Chemist: 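Following this message is one structure expressed as structure tokens.
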Amino acid sequence: MFAPSAAVGTIVAALGQRTRRTIELLVGTGLGLLIGDGLVYFVGTGAWQIGLIVTLALGIALALGGRRGTVIAQVGGTAVLIATLSSSHRNLELPRAAGAAVGSVTALIVVGLLLPLHPVRVIRRAAEPVFEQLIEQLCAVERSLRGRDPERMEAAMRSLRGMAAQVDRMNEAVQGAEEVVRIAPARWPRREDVDWYARGARNLSLVIDDAQGLARRAATLLRYDEPLPAALADAVGCLTAAVRQLREVSRRRPGHAEMRRLGMLAAVHAGSAAGCGLGTFGEAVVTQLRITASDLLKASGCSVPGADRRIRLATRVGHERSAA
């Protein structure tokens with residue numbers, strides 16, 4: 001009975017955690033056997049002994065293994081089994097350990113060799129709602145700036161902050177895809193693609209953080225009724241278009257030229273706004289626009305120094321145009 005339960009526990013584990021779940025099952029089973037046998041030897045068996053053994057086993061497991069649920073569950077379950085059956089059934093240790101190992105390894109074979117997921121589709125499916133939400137909220141930021149609407153801006157800020165769960169699911173999908181191409185020979189040819197998409201997911205997470213900061217600073221600008229040149233909203237519009245292009249690149253990998261152009265154009269508009277005269281929070285918005293544009297260029301494959309240099313030059317161009 002140990003092998004089927006271990007197999008199910010591995011298969012239903014969250015994507016990207018099956019290898020870890022297998023290790024945790026085996027570690028938990030081993031700890032449970034050692035702790036259960038040791039405690040039975042010292043306190044014996046019986047109703048109150050079972051309660052004491054389970055309590056002590058869980059306490060020891062928490063101290064040794066932290067708070068990983070699979071480890072704790074296996075330690076507790078194994079300790080209960082040993083305490084309950086040791087008086088009537090001997091030599092349960094080997095079947096328990098062997099069953100857990102056989103079930104876990106069998107599950108890994110099933111999901112790794114017989115039914116491997118398509119890693120690229122997994123990432124795309126998880127990234128799509130992240131792109132949709134980010135684009136929608138950047139559009140809301142742009143409209144809020146054009147309409148000088150602080151309430152809409154704060155709603156966009158809250159929505160951007162609420163994207164954490166979606167980003168976590170996307171990152172989990174990336175981890176799952178990386179696990180699939182690591183253990184499934186049929187998916188090994190996809191390793192390069194998965195590495196490429198993983199970098200894109202990390203860059204997308206950075207852009208989301210940038211958008212949160214942009215909305216927060218823009219909301220403050222609106223609340224303090226500082227000067228608001230149209231170029232600030234134009235810059236956000238270019239960033240939104242660049243994110244749309246990033247989504248297209250993630251779907252078909254057509255190239256990054258248009259995305260880079262839009263990122264640099266956003267910096268030009270930011271520089272133009274700075275040349276019009278801004279308040280303290282307006283200058284903070286310009287800084288955040290430059291940071292976001294730079295991260296988008298890095299997502300297109302630019303090096304960190306190269307992206308920063310391009311954004312700096314584009315901002316200077318915009319500033320000179322507004323001053324001319």
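These figures come from a predicted structure and were not determined experimentally.
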Chemist: Could you check Leu228 against Leu222 for side-chain contact (heavy atoms from CB on, under 4.5 Å), going step by step and ending with a plain yes or no?
Modeler: CA-CA 8 Å; Leu228 179 53; Leu222 293 175; 3.7 Å; yes
Chemist: With heavy-atom distances below 4.5 Å as the criterion, would you say the side chains of Asp225 and Arg148 are in contact?
Modeler: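 When only atoms from C-beta onward are counted, Arg148 and Asp225 do touch, with a gap below 4.5 Å.
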Chemist: Is a side-chain donor or acceptor of Ser294 paired with a backbone partner of Ile291 at a separation under 3.5 angstrom?
Modeler: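 No.
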Chemist: Can you name the nearest heavy-atom pair linking Gly263 to Ile311, along with the distance?
Modeler: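 Heavy atoms only, the tightest pair is O-CD1, 4.0 Å.
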Chemist: Side-chain heavy atoms nearer than 4.5 Å, only ILVMFWY residues, links allowed to pass through others: does that put Val236 and Leu221 together?
Modeler: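 Hydrophobic grouping puts Val236 with Leu221.
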Chemist: When you group the ILVMFWY residues by side-chain heavy-atom contacts below 4.5 Å and let the links chain together, are Leu297 and Val243 in the same group?
Modeler: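 No.
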Chemist: Using the side-chain contact (heavy atoms from CB on, under 4.5 Å) rule, take Met264 and Leu313 through it: C-alpha gap first, then chi angles, then the decisive distance, then the call.
Modeler: CA-CA 9 Å; Met264 292 178 65; Leu313 292 175; over 6 Å; no
Chemist: Treating Ile, Leu, Val, Met, Phe, Trp and Tyr as nodes and any side-chain heavy-atom pair under 4.5 angstrom as an edge, say whether Leu278 and Tyr224 lie in one connected cluster.
Modeler: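 Result: yes, single cluster for both.
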Chemist: Taking all non-hydrogen atoms of both residues, which atom of Pro227 and which atom of Gly279 are closest, and how far apart?
Modeler: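 Looks like CD-N, 4.2 Å.
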Chemist: Under a 4.0 Å N-O cut-off, is there an ion pair linking Glu320 with Arg316?
Modeler: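 Looking at Glu320 and Arg316, the cut-off is not met.
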Chemist: Where is the tightest heavy-atom contact between Gly306 and Ser303, given as atom of each residue plus distance?
Modeler: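 Closest approach of Gly306 to Ser303: N-OG, 3.1 Å.
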Chemist: Working to the nearest 0.5 angstrom, can you tell me the gap between Asn203 CG and Lys298 NZ?
Modeler: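 Interatomic distance, Asn203 CG to Lys298 NZ, rounded to 0.5 Å: 9.0 Å.
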Chemist: For Arg290 versus Arg312, what's the shortest heavy-atom pair and its separation?
Modeler: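 For Arg290 and Arg312, the tightest heavy-atom pair comes out as NH2-CA, 3.8 Å.
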Chemist: Out of Arg161, Arg216, Arg223, which residue meets the salt bridge (charged side-chain N to carboxylate O under 4.0 Å, His left out) rule with Glu154?
Modeler: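 By the salt bridge (charged side-chain N to carboxylate O under 4.0 Å, His left out) criterion, Glu154 pairs with just one of Arg161, Arg216, Arg223: Arg223.
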Chemist: Check the hydrophobic clustering (I, L, V, M, F, W, Y; side-chain heavy atoms under 4.5 Å; chains of links allowed) and say if Val141 and Leu265 are grouped together.
Modeler: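 Different clusters: Val141 never reaches Leu265 through Ile, Leu, Val, Met, Phe, Trp or Tyr contacts under 4.5 Å.
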Chemist: Side chain to side chain contact (heavy atoms under 4.5 Å, CB included) with Ser205: which of Asn171, Val130, Asp210, Asp295?
Modeler: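 Testing each of Asn171, Val130, Asp210, Asp295 against Ser205, the sole residue satisfying side chain to side chain contact (heavy atoms under 4.5 Å, CB included) is Asn171.
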Chemist: Please step through side-chain contact (heavy atoms from CB on, under 4.5 Å) for the pair Arg124 and Arg121, ending with a clear verdict.
Modeler: CA-CA 5 Å; Arg124 286 176 178 170; Arg121 290 176 189 165; 5.5 Å; no
Chemist: Give the C-alpha distance, both sets of side-chain angles, the deciding distance and a yes or no for salt bridge (charged side-chain N to carboxylate O under 4.0 Å, His left out) between Glu258 and Arg261.
Modeler: CA-CA 5 Å; Glu258 179 63 10; Arg261 186 190 72 82; 2.8 Å; yes
Chemist: Can you tell whether the side chains of Arg146 and Asp234 come within less than 4.0 Å, N to carboxylate O?
Modeler: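 Between Asp234 and Arg146 there is a salt bridge, with a charged N closer than 4.0 Å to a carboxylate O.
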Chemist: Distance check, rounded to the nearest 0.5 Å: His269 atom NE2 versus Arg321 atom CZ?
Modeler: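 Taking NE2 in His269 and CZ in Arg321, the distance rounds to 8.5 Å.
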Chemist: Look at the side chain of Gln212 and the backbone N and O of Leu160, then say whether any donor-acceptor pair between them is shorter than 3.5 Å.
Modeler: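 Yes, the answer is positive, given that a donor and an acceptor are paired below the 3.5 Å cut-off.
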Chemist: If I compare all heavy atoms of Gln288 with all of Gly213, which pair ends up nearest, and what's the gap?
Modeler: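 Answer, listing the atom of Gln288 first, then Gly213: CG-C, 3.8 Å.
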Chemist: Kindly indicate whether the side chain of Val268, heavy atoms from C-beta on, has any atom under 4.5 Å from the side chain of Thr315.
Modeler: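 Side chain of Val268 against side chain of Thr315, heavy atoms only: no contact under 4.5 Å found.
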Chemist: Roughly how far, to the nearest 0.5 Å, is the CZ atom of Phe131 from the CD1 atom of Ile208?
Modeler: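 Answer for the CD1-CZ pair, Ile208 versus Phe131, is 8.5 Å.
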Chemist: Might you point out which heavy atoms bring Ser322 and Gly271 nearest each other, and give the distance in Å?
Modeler: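 Closest approach of Ser322 to Gly271: OG-O, 4.2 Å.
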Chemist: Using the rule that Ile, Leu, Val, Met, Phe, Trp and Tyr join whenever any side-chain heavy atoms are under 4.5 Å apart, tell me whether Leu204 and Met259 fall into a single cluster.
Modeler: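 Yes, one cluster joins them.
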Chemist: Measure from the side-chain N and O atoms of Arg152 to the backbone N and O of Arg143, and report whether any donor-acceptor pair falls under 3.5 Å.
Modeler: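 The answer is no, because no donor-acceptor pair under 3.5 Å joins these two groups.
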Chemist: Output the distance between atom CZ (Arg217) and atom CE (Met153), rounded to the nearest 0.5 Å.
Modeler: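 Output value for this atom pair is 13.0 Å.
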Chemist: I need the Glu132 CD to Arg244 CZ distance, nearest 0.5 Å.
Modeler: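 Going from the CD atom of Glu132 to the CZ atom of Arg244 covers 9.0 Å.
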Chemist: So how far is it from Thr240 OG1 to Glu142 CD, rounded to the nearest 0.5 Å?
Modeler: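 Those atoms lie 5.5 Å apart.
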Chemist: Would you say the side chain of Arg169 lies within less than 4.5 Å of the side chain of Glu172, judging by non-hydrogen atoms?
Modeler: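 Not touching, per the 4.5 Å side-chain cut-off.
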Chemist: Any side-chain heavy atom of Leu296 sitting closer than 4.5 Å to one from Val207?
Modeler: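 With C-beta onward as the side chain, the pair touches.
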